[in-house]
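Since the structure comes first, as structure tokens, the remarks are kept for the end.
Side chains included, hydrogens not; waters and symmetry mates left out as well; all remaining heavy atoms used.
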Amino acid sequence: MLKMPITAKLEEVRDEGDTQSWGTLSFLQLPAPGDRIEVHRGTAYAEMSVLYVLHRPVPEGKGEPGATVYGQIQIA
């Protein structure tokens, strides 16, 4: 059975508490805190550890629900 992808915004949380957007990505399912995801920008790949996911539900018929995944880049 083919699953529909789930789109979510991805934000990198930096040490200073600032965030940087990595854009909107498609997932087969939303990651959970502690999961590691592979992200890329251009030709650079990085591994990100998921800190938390912010869900934005909406009343039925009142727009599209959304989610933002917050994570930190893992330095080897």
Side-chain angles (χ1 to χ4, degrees):
M1 183 166 117
L2 183 63
K3 291 185 176 184
M4 295 296 295
I6 299 169
T7 58
K9 294 179 182 178
L10 179 62
E11 296 283 330
E12 175 189 357
V13 177
R14 301 197 166 180
D15 291 334
E16 311 83 45
D18 296 331
T19 61
Q20 178 180 358
S21 175
W22 280 64
T24 301
L25 301 176
S26 295
F27 296 89
L28 292 177
Q29 69 180 36
L30 284 175
D35 284 352
R36 290 179 179 243
I37 57 175
E38 185 178 87
V39 294
H40 65 90
R41 204 179 246 173
T43 58
Y45 284 85
E47 193 172 279
M48 187 176 281
S49 179
V50 175
L51 300 174
Y52 62 96
V53 179
L54 176 66
H55 296 267
R56 288 181 307 283
V58 296
E60 191 168 337
K62 302 284 185 184
E64 293 292 318
T68 302
V69 176
Y70 292 87
Q72 284 186 318
I73 296 293
Q74 298 301 299
I75 310 282

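Exactly one residue among Val50, Ile6, Asp35 makes a side chain to side chain contact (heavy atoms under 4.5 Å, CB included) with Leu30. That residue is Ile6.
Between Met48 and Leu10, the closest side-chain pair of non-hydrogen atoms falls below 4.5 Å. Annotation: side chain of Val69 is not in contact with side chain of Leu25 (no heavy-atom distance under 4.5 Å).
Residues Val53 and Ile73 are members of one and the same hydrophobic cluster, defined by side-chain heavy-atom contacts under 4.5 angstrom among Ile, Leu, Val, Met, Phe, Trp and Tyr.
Atom NE2 of His55 and atom OG1 of Thr68 lie 10.0 Å apart (nearest 0.5 Å). Separation of atoms CD (Glu47) and CZ (Arg36) is listed at 5.0 Å; rounding is to 0.5 Å. Separation of atoms CG (Leu51) and CD (Glu12) is listed at 10.0 Å; rounding is to 0.5 Å.
Between Ala67 and Arg56, the closest heavy-atom pair is N-NH2, 3.4 Å. When all heavy atoms of Pro57 and Pro65 are compared, the closest pair comes out as CA-CB, 4.4 Å.
Of the possible polar contacts, none joining the Gln29 side chain to the Phe27 backbone as a donor-acceptor pair under 3.5 Å is found.
Using bins of under 30°, 30° to 60° and over 60° for the plane-to-plane angle, the ring pair His40/Tyr45 lands in the tilted bin.
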